[in-house]
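All remarks here apply to the structure that follows.
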Protein chains: 2
Amino acid sequence: MTSPLEKARKDPESMKARILAGARRVFGAHGFHGTTTRMIANEVGIDISTLHYHWGEKKDLYQAAVTDIYKDLGQQLIDVEKVIHGKPLAERIAVSIDMMVDYLFEHPEVSNLVMLRYFGQTRHDPLIDVKIPEFTADIARSMELCRDGKHVSARAMMEVWTLMNSIHNFIAGESFFRPMVKLGEKQYIALVKETLKFIHIPAFAQRVNANS
Amino acid sequence: MTSPLEKARKDPESMKARILAGARRVFGAHGFHGTTTRMIANEVGIDISTLHYHWGEKKDLYQAAVTDIYKDLGQQLIDVEKVIHGKPLAERIAVSIDMMVDYLFEHPEVSNLVMLRYFGQTRHDPLIDVKIPEFTADIARSMELCRDGKHVSARAMMEVWTLMNSIHNFIAGESFFRPMVKLGEKQYIALVKETLKFIHIPAFAQRVNANS
DNA sequence: ACGGTTTTCCATCATTTGATTGAATCATTG
DNA sequence: CAATGATTCAATCAAATGATGGAAAACCGT
């Protein structure tokens, strides 16, 4: 019982999987409207008709790319949760930032696509984005922002988004911000981590201090 | 000695100014590639040839819209600086957040266009964006992140961007985030301000405390 | 009211783009 | 090998899009 998308992910050498990977990169770099099916076909090194043969219309391929990205992101969040489980809050945040920044820098199309999805009004099927509130709730629980495990308050979601978006901002905006600080890639990554920890750890630490 | 853009701003009833205002809205909502000249003409209620008569090609109109947005944003930053000047740091940040959130909510195309400019790779003429490092440096000085007034460190710029982008994220992403927290517009604005203050004030307060 | 200038719009063009068709190629199975 | 089905591509189509030419309309000083 494997969906088409599942199958494409299983064999990364299959044409369908190669197209999906190319679509992730190109859609991530240029957004839905800035991307042509020819750009993706060219990236993969095939004809556009082959692309349409496997994925149907452009919109469907885009949605598959978004779904695929969300799947990867969800897995990464699980991996992070495993590592930080049980540690004190400040360390959890620090490790989460380190791991997420490293991961997203290696897969910049993830941050690009997520940001363009938030800010570009290109949401054909709102059902795709149900993953986002799930992720948000998981992170909120992991950061102990919920009294009970069930209800996640609006305030808790906003705090999670502030943190997550801060990370995405510096990854997706690297080509904009890095030239302005005139740093190499390694140094930029280090500075991103440092700055994000400086900003976000004290915020949540104040709440722990208040409780103790 | 008034540039064409100056003149258009002076008389907001002139056709050229009306087109520019429409272009700001539509480019802000859909980005450069998601916007057609026909969409803008339709928004203004004119023919596309009238649009081209006043502004030349699409790219030129887009650049004019970006320049115009940056100008408004710069003026708003000046207005904020006037109000917060001389106040203690925590209050400066709180008031800045209040004022900027209110302003950007009334002009959402500003945040939209800025975000899409950061994350969409649609930067034909990099010269337009020289305003951004200027704004960043001004804010850094205003937040006393620089030893001398001259040199602004990479770290200081990153801290400023973290704060500014957090604000832009919630404005430009309102159509995405607000339905998820199921709040009305007023309540959403209030929660945005509250959350941003909670996150950002302690970060900079720690440095003040360390110095004293 | 007149002549010239500016502004506006209708019709149209050339190019790009999403998508399809049908022929050729490749793979698989009996 | 032969035959059947799956895959790929060249050629092409229709619609959308950026842009222009030229006629009509509005404007303006005299």
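Given the structure is predicted, the values throughout are model-derived calculations rather than measurements. Sequence lines set the chain letters: A, B, ... in the order given, protein chains first and strands last, and positions in each chain run from 1. Hydrogens, waters and symmetry mates play no part in the numbers below; they use all other heavy atoms, side chains included.
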*Would you say a side-chain N or O of B/T50 is under 4.0 Å from OP1 or OP2 of C/dC9?*
yes

*Taking atom types as they are modelled, is there a donor-acceptor pair under 3.5 Å from the base of D/dA10 to the side chain of A/S49?*
yes

*Rounded to the Å, how far apart are B/L61 CG and D/dT17 P?*
16 Å

*B/R92 side chain to B/I84 main-chain N or O, any donor-acceptor pair under 3.5 Å?*
no

*Over how many whole Å does the gap from B/I19 atom CD1 to C/dT8 atom P extend?*
7 Å

_Close side-chain approach of A/M39 to A/T36, heavy-atom, < 4.5 Å_ = yes

*From C/dC9, D/dG18, C/dT17, pick the nucleotide closest to the side chain of B/I46?*
C/dC9

*Could you state the NE2-P distance from A/H52 to C/dA19, rounded to the nearest angstrom?*
4 Å

*Can any side-chain N or O of A/K58 pair as donor or acceptor with the backbone N or O of A/F32 at less than 3.5 Å?*
yes

*Any luck finding a side-chain donor-acceptor pair between A/D72 and A/Q76 under 3.5 Å?*
no

*Send over the distance from B/I48 CD1 to C/dT7 C1', rounded to a whole Å.*
16 Å

_Nucleotide nearest B/M15 when distance is taken to its side chain, options C/dA19, C/dT8, D/dA19_ = C/dT8

_Below 4.0 Å: OP1/OP2 of C/dT8 and any side-chain N or O of B/H54_ = yes

*Please state whether the phosphate of C/dG18, meaning OP1 or OP2, lies under 4.0 angstrom from any side-chain nitrogen or oxygen of A/T37.*
yes

*Where the side chain of A/D47 is defined as all heavy atoms beyond and including C-beta, which of D/dC9, C/dT17, D/dT8 is the nearest nucleotide?*
D/dC9

_Rounding to an integer number of Å, can you tell me how far A/Y53 OH sits from C/dC26 P?_
16 Å

_Atom pair distance, as rounded to whole Å: CZ in B/R38 and P in D/dA19_ = 11 Å

*To the nearest Å, how far apart are B/K59 NZ and C/dT16 P?*
13 Å

*asked:* Can you confirm whether B/M143 sits close enough to B/L163 that some side-chain heavy atom of one is under 4.5 Å from a side-chain heavy atom of the other?
replied: yes

*In whole angstroms, how far is the P atom of D/dA6 from the NZ atom of A/K16?*
14 Å

